[in-house]
Amino acid sequence: MGYADGGGLTAAGPVRRESVRMRAAELFEQRVKPTEVARRLRVRVRVKSAYQWHQLWREGGAEALNSRGPGGSRCRLSPRCLVKPAAYLERGPAVHGWVEDQVWTAARVVTLIRRKFHVTYSVSGATRLMHRLGFSPQVPARRVAERNEQAVTVWNEVTWAEVRGPGRPAGVTSASRTRQASPADRPGGAHGGRRGRTPVVTVSGHRAGRLSVAGLIAMRPGSRTRLCHRLVTHPAVKGKRRSMSERDFIALVDGVHHLVKAPIVRVWDRLNTHVLRAVSESAARRAWPTVFLLPAYAPDLNPVEWVWAHVKRSLSNLAVMALDRLEALVRNRLKRLQYRPDTLNGFIAGTGLTLDTPTSS
């Protein structure tokens with residue numbers, strides 16, 4: 001968990017709250033009950049606040065509801081020094097010696113303030129200070145260090161323009177594959193259980209095989225967006241292949257071509273199976289495919305990655321005892337997505353790649 005730039009409080013907040021209290025004082029003078037005052041003003045706190053305002057009004061009138069300024073103890077940093085911590089934080093933790101994970105934590109902020117200003121803050125005090133400066137705790141996004149941002153930008157501006165060029169009778173977005181998740185990397189989900197008792201699920205300790213899935217999101221002008229997929233089970237047999245082969249991917253693409261009955265534009269990620277010689281030769285022997293490759297380490301440009309995330313999230317906390325049961329569940333989830341073209345279009349929109357297909361071929 002790291003701190004990132006947020007919104008912070010503004011000077012308009014106290015003014016707005018004081019105007020609400022003054023309006024409450026006017027209603028009290030009209031002998032309106034506190035519960036009715038809270039309802040009329042739509043106070044976003046408990047009715048108890050309206051009763052507290054009523055008590056103050058009875059003792060000191062409307063003046064007792066005037067703002068008394070910010071509460072709490074005085075800030076340890078002077079107003080002149082308050083502008084400096086934000087500048088230090090924006091430089092990043094690596095500049096100040098924290099190179100392990102490059103995230104700001106409240107403990108690190110305490111250390112930074114002690115180094116720079118010789119002032120001691122508690123962890124909770126540093127958290128409130130960060131909130132005051134406009135920072136909030138957020139989970140940082142992870143990005144592969146080998147990613148070439150320049151190559152991604154060129155692909156977006158040049159290659160994608162060629163992919164979505166005029167006269168394309170059909171478009172097929174990128175493909176990917178997945179495998180049976182292990183308990184260590186399965187996405188977490190909510191699990192109902194009695195407080196104080198950790199839920200326990202039973203799993204098998206022996207090798208139960210693997211399920212590989214390859215998918216394509218296909219678009220055809222005048223038709224709904226489609227999800228095409230291929231599932232292959234790999235039983236736990238010694239010496240047998242435990243991943244999809246190039247023949248499986250070729251069969252998937254041939255099936256898409258048979259479905260759309262038109263030339264296709266195929267956008268692949270750089271999975272090692274996608275760039276094998278057999279796959280390239282297969283595309284060269286056929287006159288209908290046009291092949292493009294995504295930049296390396298750019299899963300954010302692959303809408304099928306959203307499909308896998310969606311399916312895995314629906315299978316969170318799953319502990320199946322048989323491979324055929326897992327296969328049936330995955331087929332069920334993918335079948336549901338096939339009837340939800342708007343969801344598939346949302347996955348495509350999430351990549352930021354717009355595709356304005358013509359209304360007729």
Side-chain angles (χ1 to χ4, degrees), residues 1-93 96 98 103-141 190 192-196:
M1 186 73 72
Y3 281 87
D5 193 2
L9 297 176
T10 61
V15 176
R16 180 182 59 81
R17 290 192 292 269
E18 185 174 9
S19 66
V20 173
R21 292 195 296 270
M22 292 298 102
R23 176 58 180 159
E26 296 176 0
L27 294 176
F28 292 148
E29 293 176 356
Q30 301 173 14
R31 298 184 180 278
V32 180
K33 295 182 178 180
T35 54
E36 180 65 16
V37 170
R39 188 188 66 81
R40 292 188 185 183
L41 300 180
R42 298 180 181 179
V43 181
R44 297 182 179 179
V45 293
R46 295 174 297 178
V47 181
K48 179 181 178 181
S49 296
Y51 278 100
Q52 291 175 345
W53 296 346
H54 185 257
Q55 182 66 27
L56 292 174
W57 173 80
R58 290 179 57 184
E59 295 176 355
E63 295 181 356
L65 298 179
N66 289 330
S67 176
R68 300 178 182 177
S73 59
R74 184 176 58 86
C75 182
R76 294 175 179 267
L77 296 178
S78 64
R80 182 176 59 86
C81 294
L82 275 177
V83 298
K84 297 182 180 180
Y88 290 142
L89 294 172
E90 289 174 355
R91 297 176 186 175
H96 304 284
W98 291 286
V103 295
W104 283 116
T105 62
R108 291 179 178 180
V109 174
V110 170
T111 304
L112 178 67
I113 294 176
R114 186 169 58 248
R115 289 177 183 175
K116 299 295 184 180
F117 304 100
H118 305 287
V119 174
T120 302
Y121 265 82
S122 64
V123 173
S124 60
T127 302
R128 291 191 292 270
L129 176 63
M130 297 303 298
H131 181 72
R132 181 179 178 183
L133 294 176
F135 289 78
S136 61
Q138 301 177 23
V139 177
R194 188 175 295 276
R195 184 180 294 111

Q. Once you round to the nearest 0.5 Å, how far does CD1 of Ile113 lie from NZ of Lys84?
A. 13.0 Å
Q) Nearest 0.5 Å, what's the OG-CZ distance between Ser122 and Arg128? A) 6.0 Å
Q: List the steps and the verdict of salt bridge (charged side-chain N to carboxylate O under 4.0 Å, His left out) for Lys33 and Glu36.
A: CA-CA 5 Å; Lys33 295 182 178 180; Glu36 180 65 16; over 6 Å; no
Q: For residues Ala86 and Phe135, report the shortest heavy-atom separation together with the two atoms involved.
A: CB-CE1, 4.2 Å
Q. Quick one: CD on Glu26 to CG on Leu41, what's the gap to the nearest 0.5 Å?
A. 9.5 Å
Q. What pair of heavy atoms forms the shortest contact from Pro34 to Phe28, and how long is it?
A. CA-CE2, 4.2 Å
Q: Considering non-hydrogen atoms only, spot the tightest contact between Leu27 and Val37 and give its length.
A: CB-CG2, 3.9 Å
Q: Answer yes or no: is there a side-chain heavy-atom contact under 4.5 Å between Leu112 and Leu89?
A: yes
Q. Which pair of non-hydrogen atoms, one from Ala62 and one from Met22, has the smallest distance, and what is that distance?
A. O-CE, 3.4 Å
Q. Which pair of non-hydrogen atoms, one from Tyr121 and one from Val110, has the smallest distance, and what is that distance?
A. O-CG1, 3.2 Å
Q | Student check: side-chain heavy atoms of Thr111 and Arg114 closer than 4.5 Å | A | yes
Q: Apply side-chain contact (heavy atoms from CB on, under 4.5 Å) to Arg21 and Asn66, showing your working.
A: CA-CA 8 Å; Arg21 292 195 296 270; Asn66 289 330; over 6 Å; no
Q) Is Lys116 positioned over the aromatic face of Tyr88, cation under 6.0 angstrom from the ring centre and no more than 45 degrees off axis? A) yes
Q.
Evaluate Trp53 against Lys48 for side-chain contact (heavy atoms from CB on, under 4.5 Å), listing each step before the verdict.
A. CA-CA 9 Å; Trp53 296 346; Lys48 179 181 178 181; over 6 Å; no
**Q.** Taking every non-hydrogen atom, the tightest pair across Ala25 and Trp57
**A.** O-NE1, 3.9 Å
Q.
If I take atom OH from residue Tyr51 and atom CG from residue Leu56, how far apart are they, to the nearest 0.5 angstrom?
A. 15.0 Å
Q: State, without any angle test, whether Glu59 and Gln55 hold a side-chain donor-acceptor pair at a distance under 3.5 Å.
A: yes
(Q) Using a 6.0 Å distance limit plus a 45 degree cone around the ring axis, check whether Arg115 lies over the aromatic ring of Trp98. (A) yes
Q | Neighbour count above 12 (heavy atom, 6.0 Å) for Glu63 CD | A | no
